[in-house]
Amino acid sequence: MTLDDILVEINHAEKIVIMAHETPDGDAIGSMLSMNLALKKLGKEADVIVREFPRTFAFLPGAKEVKSNSDIEQYDLAVSLDCADLKRLVGKEYFESAKKTIVIDHHGTNMMYGDLNFVNPVSPACCEILAGMFEYFDIEIDSEIGSCILTGIITDTGGFKYSSVTPETFEFTAELLRKGVNVSDIYQRVLETRRKSNFELLRRAMNRLELLEDGKIAFTYINKKDEEEVHAETGDHEGIVENGRSIEGVRVSVFIREKEENIYKVSMRAGNGFNINVSDICYIFGGGGHPRAAGAVVSGTVEQVKEKLVKEIKKVI
Ligand code: AMP
Ligand code: MN
Ligand code: MN
């Protein structure tokens, strides 16, 4: 499968739908919006399915065009972005009924669930894959498309600081600067701006943070009750897990967030300088992700989930 095959499918399709993983982050949102803008340049109309849109990304071009559902029962083409498996895909009903499906992703744990799968596990962001793809398709990356792509790159690299960053990451960003994109403004908006509710959640999570196993594991959590009390918005939990990781000596930072009663979404990060693959740990629990940032869903009370996770983490630290 090559990029040309993807272009053939796009050219053949009339009704196209674009989607990404649940609780979308900057890379998921940036990928969907940039894909939609790029398709317009190819003369195509597409629907973008998003059910929880973090307000942080509302400034991006095309953010207002997204839909939570569509009337179209069968699309000619469905494009899944930044999503390793079908079970985490929002709008999977449209994906499953589409005539053709394409998966574009950068997770090493991708299940290759599309008819065409374009997966590059060493790319720092799905958005960076798209940047290369659009260039290959001769689609001009204007400041609108560039802003969406940059959002995904900045958020998935923690602001250019993860080891996943490539020379192309900086070359692409330099090119956008030359085109007049306000890189600093996008950076400040997507990484350096906290809503008050986000800060309040962080404060609670930090108060509860425990250092386990001689300080090698950082663990903290947030319950539904916390989110209600601080009037949390979509996306307010993003970034909490990073705080545990930055503590000296921490090899694995764990943050769990109550999804439903006694069901927790786990976020795991590997500490800097330690050769630990958190994706492998999350895989044991049916999740996955990247070597240094991964997630899963685990059931039980906070204490039970903590115990299950620590038992597995202990084996590898
Ligand atoms: P998060 O902790 O939610 O920011 O996720 C970290 C990374 O792991 C992201 O690349 C996610 O896409 C991936 N990930 C999170 N949860 C899961 C899961 N349940 N299954 C597979 N991958 C996941
Ligand atoms: Mn993502
Ligand atoms: Mn991503």
Side-chain angles (χ1 to χ4, degrees), residues 23-27 52 54-57 154-162 187-274 276 278-279 281-282 285 287 289-290 292-314 317:
T23 46
D25 50 20
D27 193 29
E52 295 174 285
R55 197 151 55 87
T56 306
F57 308 116
I154 289 175
T155 53
D156 260 26
T157 61
F160 305 111
K161 73 173 177 276
Y162 300 156
Y187 194 112
Q188 302 285 339
R189 280 172 181 272
V190 304
L191 277 190
E192 299 286 306
T193 312
R194 280 190 191 289
R195 283 185 288 273
K196 191 165 162 290
S197 51
N198 172 225
F199 171 73
E200 292 298 344
L201 273 191
L202 175 66
R203 191 210 302 267
R204 287 179 187 221
M206 290 303 98
N207 269 332
R208 287 172 189 156
L209 187 131
E210 291 176 82
L211 291 170
L212 310 166
E213 299 299 313
D214 274 340
K216 292 185 186 133
I217 302 172
F219 175 87
T220 191
Y221 68 93
I222 284 295
N223 280 327
K224 277 235 175 288
K225 188 163 169 278
D226 298 308
E227 299 204 8
E228 279 157 25
E229 285 172 1
V230 307
H231 307 291
E233 288 183 37
T234 299
D236 274 346
H237 63 280
E238 293 284 348
I240 292 177
V241 68
E242 308 296 337
N243 293 276
R245 162 198 249 177
S246 62
I247 303 166
E248 200 175 7
V250 168
R251 293 164 192 216
V252 177
S253 171
V254 183
F255 165 64
I256 68 170
R257 171 176 175 248
E258 191 178 20
K259 249 179 99 156
E260 287 159 45
E261 205 184 332
N262 285 338
I263 298 181
Y264 284 85
K265 165 71 209 326
V266 175
S267 282
M268 234 183 248
R269 299 291 184 270
N272 193 28
F274 297 105
I276 290 168
V278 289
S279 173
I281 304 171
C282 288
F285 297 97
H290 309 287
R292 313 203 63 77
V297 176
V298 178
S299 58
T301 63
V302 171
E303 282 306 311
Q304 288 164 341
V305 173
K306 179 168 92 179
E307 210 174 291
K308 286 185 200 178
L309 295 172
V310 169
K311 185 166 166 245
E312 293 305 323
I313 297 168
K314 264 163 73 175
I317 55 176

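It should be emphasised that the depicted structure is a prediction, and the values quoted were computed from it without experimental measurement.
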Report summary line: To the nearest 0.5 Å, atom CD1 of Ile222 lies from atom CZ of Phe255 at 5.0 Å

Query - Separation between CZ of Arg194 and CG of Leu202, rounded to the nearest 0.5 Å - result: 4.5 Å

**Report entry** Contact check, side chains of Thr56 and Glu238, non-hydrogen atoms, under 4.5 Å
**Finding:** no

**Report entry** Carboxylate-amine/guanidinium contact Arg203 Glu200, below 4.0 Å
**Finding:** yes

Query raised in the report: Does some side-chain heavy atom of Val278 sit less than 4.5 Å from a side-chain heavy atom of Arg269?
Result: no

Requested in this report: Enter the distance from Glu233:CD to Leu201:CG here, rounded to the nearest 0.5 Å.
Outcome: 10.5 Å

Requested in this report: Look at Lys308 together with Glu312 and state whether they make a salt bridge at an N to O cut-off of under 4.0 Å.
Outcome: no

Query raised in the report: Quick one: OG1 on Thr234 to CZ on Phe57, what's the gap to the nearest 0.5 Å?
Result: 11.5 Å

Query raised in the report: Can you tell me if Arg257 uses its side chain to pair, donor with acceptor, with the backbone of Lys224 under 3.5 Å?
Result: no

Query - Residue pair Phe274 / Lys216, side-chain heavy-atom distance below 4.5 Å - result: no

Query raised in the report: Which pair of non-hydrogen atoms, one from Asn223 and one from Tyr264, has the smallest distance, and what is that distance?
Result: OD1-OH, 2.6 Å

Query raised in the report: Should Ser267 and Lys265 count as side-chain neighbours, where that means a heavy-atom distance under 4.5 Å?
Result: yes

Query raised in the report: Hey, does Glu258 have a side-chain heavy atom less than 4.5 Å from the side chain of Glu227?
Result: no

Requested in this report: Would you check if Val302 and Arg208 make a side-chain contact, meaning some heavy-atom pair closer than 4.5 Å?
Outcome: no

Query raised in the report: Are Ser197 and Asp236 linked by a side-chain donor-acceptor pair shorter than 3.5 Å?
Result: yes

**Report entry** Nearest non-hydrogen partners of Ala296 and Phe285, listed with the distance
**Finding:** CB-CB, 4.0 Å

Query raised in the report: Is it the case that more than 12 heavy atoms not belonging to Asn207 sit under 6.0 Å from its CG atom?
Result: yes

Requested in this report: Decide, yes or no, whether a salt bridge links Lys306 with Glu210 under the criterion of side-chain N to carboxylate O below 4.0 Å.
Outcome: yes

Query raised in the report: Is it the case that more than 12 heavy atoms not belonging to Lys314 sit under 6.0 Å from its NZ atom?
Result: no

Query raised in the report: With a 3.5 Å cut-off and no angle check, do the side chains of Arg204 and Thr220 form a donor-acceptor pair?
Result: no

Query raised in the report: In this structure, are over 12 heavy atoms from other groups packed under 6.0 Å from Gln188 atom CD?
Result: yes

Query raised in the report: Which heavy atom of Pro54 sits nearest a heavy atom of Pro24, and at what distance?
Result: CG-O, 3.5 Å

Report task. Would you give the length of the straight line joining atom CD1 of Ile240 to atom CD1 of Ile256, rounded to the nearest 0.5 angstrom? Result -> 12.0 Å

Report task. Tell me, with the steps shown, if Val297 and Val266 meet side chain to side chain contact (heavy atoms under 4.5 Å, CB included). Result -> CA-CA 6 Å; Val297 176; Val266 175; over 6 Å; no

Query raised in the report: At their closest point, which heavy atom of Ser246 faces which heavy atom of Asn243, and how far apart are they?
Result: OG-O, 2.9 Å

**Report entry** Minimal non-hydrogen separation, Cys282 against Gly295, with atom names
**Finding:** CB-O, 3.3 Å

Query - Rounded distance (nearest 0.5 Å) linking atom CD1 of Ile217 with atom CG of Leu211 - result: 10.0 Å

Query raised in the report: Under 4.5 Å between any side-chain heavy atoms of Arg245 and Asn272, yes or no?
Result: no

Query raised in the report: Does the Ser253 side chain pair with the main chain of Val241, one donor and one acceptor, at a distance under 3.5 Å?
Result: yes

Query raised in the report: Do the side chains of Phe219 and Val250 get nearer than 4.5 Å, heavy atoms only?
Result: no

Requested in this report: Mind listing the closest non-hydrogen atom pair of Arg292 and Gly271 along with its distance?
Outcome: NH2-O, 2.6 Å

